[in-house]
Amino acid sequence: MSATSPVRPVLPPDIRARKGGAPLVVLTAYSTPVARLVDAHCDIALVGDSVGMVIHGLPSTLGVTLEMMILHGKAVVRGCQKAMPVIDMPFGSYEESPQQAFRNASRLMAETGAPAVKLEGGLHMAETIAFLTARGVPVMAHVGLTPQSVNTLGGYKVVGRDGEAEKVMADARAIEAAGAFSVVLEKVPMGLAGRITAALSIPTIGIGAGRDCDGQVLVVDDMLGLFTDFRPKFVKRYAELGKTAEEAIAAYAADVRSGAFPADEHSFPDVLPVKP
Ligand code: KIV
């Protein structure tokens, strides 16, 4: 994004205004080349803390640091001209107090240039979301399954079945009242997601929440078949890039071992000595 760019970048009020309109298209991105691809087709490039699992091989998102989010955030901002980069606040960087959240959210925005952050939590984060939005930090909220709470939730389960449905609805209403410009609904039963979408004036962005949301998000490495450690039911694979890459690497290794690579066209001829 640059001040002289002819393309007007998407900003939080544009996303809020899309409520009930054409579906919002969101993918995660963690690098400049992938951000460029996402930028061409999506409304938002989410620098998710899923980066810890899909890029850094961590067992959960809990080990992701602010420094990691800043590094990947800068890379994604460089790749976006139109799509809005949103950066996840990592575990431990915002839960302690609204002041801690502002200190770290403002660092994420100032050091990366991204115009918004995302944080997990409903009712209990409402005070923090209000504090941030009143001070110039647009917040995308995230309710339902909140992966940073995997240990208190007892796994990556569907959230909002049985007696939990009204709690998820109350969470969504609380973050809307606090000023969030949109909300991710993760692994929420589709009927409940539809009810929440109808009840809120801000867009809902679903992941494993069915079709009745205002938009959809997927982890880019999941839908490209690059991250294959596990595959949640809500992931649709649009490519098998991991398999294609594996075959290419095996072919390269075989060529080096057989001497088929490098060929003359990959090599530089010697300069002939100039005759007197
Ligand atoms: O970290 C992430 O990628 C996310 C999406 C799954 C919404 O939060």
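In each ligand, atom 1 is the first atom listed, and ligand 1 is the first ligand listed.
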**Donor-acceptor contact present, side-chain Thr146 to main-chain Val143, <3.5 Å** = no

In terms of ring plane angle, is the pair Tyr156 and Phe230 parallel, tilted or perpendicular, where the classes change at 30° and 60°?
-> parallel

* Tyr94/Phe91 aromatic ring centres below 6.0 Å -> no

Report each N/O pair between ligand 1 and the protein that falls under 3.5 Å, naming both atoms.
| residue | atom | partner | partner atom | Å |
| --- | --- | --- | --- | --- |
| ligand 1 | 1 (O) | Asp49 | N | 3.1 |
| ligand 1 | 1 (O) | Asp49 | OD1 | 3.0 |
| ligand 1 | 1 (O) | Ser50 | N | 3.0 |
| ligand 1 | 1 (O) | Ser50 | OG | 3.3 |
| ligand 1 | 1 (O) | Asp88 | OD2 | 3.2 |
| ligand 1 | 3 (O) | Ser50 | OG | 2.5 |
| ligand 1 | 8 (O) | Lys118 | NZ | 2.9 |

Note to self: Between Glu120 and Gln148 (side chain of the first, backbone of the second, donor and acceptor by atom type, cut-off under 3.5 Å), is there such a pair?
What the structure shows: yes

* Stepwise, does the side chain to side chain contact (heavy atoms under 4.5 Å, CB included) test hold for Met190 with Asp212? -> CA-CA 7 Å; Met190 54 198 292; Asp212 291 332; 5.7 Å; no

Would you say Gln100 and Ser93 are linked by a side-chain donor-acceptor pair, where the criterion is simply a distance under 3.5 Å? no

